[in-house]
Amino acid sequence: MPSATDIISAAVERALGAPAMLRPCADPKFGDYQANGVMAVAKQRKENPRALAEKVIAQLDLNGVCEKPTVAGAGFINFKLLPEFIAQQLSEPVAKTAKPQTIVLDYSGPNVAKLMHVGHIRSTIIGDSLARVARFLGHRVITDNHIGDWGTQFGMLILGWKQFRNDTALAADPIAELERLYKHVNAQENLREAAKQELVKLQQGDAENLTIWKRIIELSEQQFDATYARLGVRFDHTLGESFYNPFLADVVRELQQRGIARESDGAICVFVEGEETPLIIQKSDGGFGYGTTDLATVKYRVETWHPDLIVYVTDARQQLHFKQVFATVRQWLPNPPALEHITFGSILGEDRKPLKTRSGENVKLAELLNEAEERALTVVTQKNPELPEATRKQIARAVGIGAVKYADLSQNRTTDYIFSWDKMLALDGNTAPYLQYAYVRIQSIFRKAGTEWEAPQRPDSRGTEAAPTLELTHPSELELAKQILRFSETLNATLADYKPNWLTGYLYDLAGKFSVFYDNCPVLQSAEPVKSSRLTLCRLTAYVMKQGLNLLGIDVIEQM
Ligand code: ARG
């Protein structure tokens, strides 16, 4: 079934002969949607915009969809949906995309032999959420974790491993020991040459160095995987930079032959319009770099998965890198896919400086998640002291991890944000615990009613189940129903703008509207058919809340 926005947009477009530019009304007093497309056309045709809007309205056939549209301001058209139409639409709260695309999502990408720190969390959490939303909308999504498992640091790591390794320390905390080895070698000028030799040997395929290199990757991946398991994040592929080593020389040769790359100061470079610094694809010592690898990666992905779109999620510091890589790809590959670099700002401490521990070190992700769970346990225990400890811990896990993720996802990703435990764990406000608690409250209605709630199935899998009958009479019922309807368009906007904060804001509003409904409309005390209708609204709200949180990578809980 087409959505309300599809139906209205199509009708306006037909009458206007130009895009409707429909968006939700800023103030519900004026209606549910507003079409903004009239003004541009009126200007073009030198017509009065309000008169043109009236003409468009006269041609619209939206019987059964909305009330008679009204003209507002300088030619806006406002639409108010009919309760019957809303009720009918609610039988299918989410429609899959009509145009499924193949999307490769590249996010997380931590570096081997280094701890994942809090800076990596944003890429992982934002990327994971975007992947979930895209999949849910019906796209074919391939996630690939481009880990940093190659590069000059391995010269120092291998030298350190051979000469300075402490096996006890390595067994206790492998990454800490690897970081120590790297720092130790890096700090000594007189070890530079030996480290370089180890790197050359690795690059030439020396068996011993390859074994050490593999071991270092293995140890790192164990740590990454433990973190991903805690976060509930998984990848379809973890190819990593080293996977592309065999292709790099060919990439450089091809780009040179095609005249896309040229020599400059002994290095092979691609100069991109508007940028003084070139993308170096082969250094003067013959080595390849991060950019060369990314070029080979695009080619591999195109040939293997034929994506329509590749999305990279990294912090804003890599903007120039991706600009150069994308520009090169567009000159190089025939029919290149769409390429998007999705950036995000830093996480700041309450002092507004980049988040650090009290002793000035980078905050480690694992420690941050431990603290989140501990603090959540305190909150849960205050609220529910009588629950058994194991249950409280389980709840605290969902709440703590959920709070960290939500705090991140609910920010406009392009700005820096201030990390605050108290804010993210608050039970009132735009937080994960608040939404998780809203879900628990709806569950308790069903417990009282003595019925299990069943999540409405997705329309495509619903089979023969009858559409729910809804009687939307109280204004708060209508408001809630409309909010549920907006789930679909919210998901589309979230993916189109790569902004999970559209979804968090939506769920927050949903919880608010549910609360108003629940304060105003008795559910279990009402007589039929109102009772069933209201239970259906509760069920739909619960479904959207659970599904929405799931798309943010956040678990719901049954009690709190
Ligand atoms: N390892 C990189 C870093 O830590 C991120 C990788 C991003 N993906 C890519 N294809 N370059 O900055």
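This is a predicted model, so every value here is computed, not measured. Residue numbers start at 1 and run along the sequence shown. When a ligand or atom number is given, it counts from 1 through the structure's own listing order.
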- Can you tell me which residue pairs pass the side-chain hydrogen bond (donor to acceptor under 3.5 Å, both in side chains) test with a partner in residues 256-276, sequence neighbours excluded? Glu275-Lys323
- Could you tell me how the ring of Phe235 sits relative to the ring of Tyr107: parallel (under 30°), tilted (30 to 60°) or perpendicular (over 60°)? tilted
- Message: Taking side-chain hydrogen bond (donor to acceptor under 3.5 Å, both in side chains) as the definition, give me every residue that meets it alongside Arg165, ordered by chain and number, with sequence neighbours left out.
- Response: Asp167
- Task: Just jot down the side chain to side chain contact (heavy atoms under 4.5 Å, CB included) partners of Glu489, sequence neighbours excluded, or say none.
- Result: Thr5, Pro24, Tyr33, Arg486
- For ligand 1, would you mind listing the residues that have at least one heavy atom less than 4.0 Å away, ordered by chain and number? Asp106, Gly109, Asn111, His146, Tyr290, Asp294, Tyr312, Thr314, Gln318, Phe322
- Query: Is Asp315 paired with Arg317 through a side-chain N to carboxylate O contact shorter than 4.0 Å?
  - Reply: yes
- Query: Will you find, in the side chains of Asp408 and Tyr417, an N or O donor that is under 3.5 Å from an N or O acceptor?
  - Reply: yes
